[in-house]
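To start, the structure under review is shown below, and the notes come after it.
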Amino acid sequence: MLARIYRPAKTAMQSGKAKTQDWVLEFAPASARTPDPLMGWSSSSDMNAQVRLNFEDSAQAVAYAEKHGIPFRLVEPNEPKRIIKAYADNFAANRKQPWTH
């Protein structure tokens, strides 16, 4: 019953960063998911797969896991590289590529 503590990445569907500041504790799947014979939905007998706990910082998540004796793996987030530039840089004379339509 290994848990993973991580900070989720932003969704690819929108440019906002909602729900990316909290840390999440999720359990690794203990059994494989199988399709339901009647409806075809994927199901699992593992109840820990439904547990997802949110914390304000990684220290709280680690303290919770240690208090309850849950083995965990802490995954540090990758910060995106920011390129700061102004709109006027699109029309600068020293551009690397010539400006065309």
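Small disclaimer: the values here were computed from a predicted structure and weren't measured. Note that the numbering runs from 1 along the sequence shown for the chain.
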Closest contact, heavy atoms only, [X] versus [Y]:
X: Arg52; Y: Glu26; answer: NH1-OE2, 3.2 Å
X: Asn90; Y: Arg95; answer: O-NH1, 2.8 Å
X: Ala30; Y: Asp46; answer: N-OD2, 3.1 Å
X: Asp36; Y: Met39; answer: OD2-N, 3.0 Å
X: Ser31; Y: Ser45; answer: OG-OG, 3.9 Å

Do Ser42 and Pro35 make a side-chain contact, defined as non-hydrogen atoms from C-beta onward lying under 4.5 Å apart?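 No, side chains not in contact.
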
Give, for atom [atom1] of [X] and atom [atom2] of [Y], the distance between the pair rounded to the nearest 0.5 Å.
X: Asn48; Y: Met1; atom1: CG; atom2: CE; value: 5.5 Å
X: Trp23; Y: Asn54; atom1: CH2; atom2: CG; value: 12.5 Å
X: Gln21; Y: Asp57; atom1: CD; atom2: CG; value: 12.0 Å
X: Gln60; Y: Lys67; atom1: CD; atom2: NZ; value: 12.0 Å

Check this for me: Lys19, atom NZ, are more than 12 non-hydrogen atoms of other residues, nucleotides or ligands nearer than 6.0 Å?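 12 or below, so no.
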
Does Asp89 have more than 12 heavy atoms from other residues, nucleotides or ligands lying within 6.0 Å of its CG?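 Counting other residues, nucleotides and ligands, CG of Asp89 exceeds 12 neighbours.
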
Do Glu76 and Tyr6 pair up side chain to side chain, a donor and an acceptor below 3.5 Å, judged on atom types alone?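 Short answer, no.
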
Are [X] and [Y] connected in the hydrophobic side-chain network, where two residues link if heavy atoms are under 4.5 Å apart?
X: Val75; Y: Phe27; value: no
X: Val51; Y: Ile5; value: yes
X: Val62; Y: Val24; value: no

Listed once per pair and sorted, the ring pair (Phe, Tyr, Trp, His ring centres under 6.0 Å) pairs that draw on residues 28-55, sequence neighbours left out: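 Pairs touching residues 28-55 that pass the test: Phe55-Tyr64.
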
Could you tell me whether a side-chain N or O of Arg4 sits under 3.5 Å from a main-chain N or O of Leu25, the two making a donor and an acceptor?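 Pair absent, no side-chain N/O of Arg4 close to backbone of Leu25.
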
Applying side-chain contact (heavy atoms from CB on, under 4.5 Å), run through Thr34 and Ser44 and close with a yes or a no. CA-CA 6 Å; Thr34 57; Ser44 175; over 6 Å; no

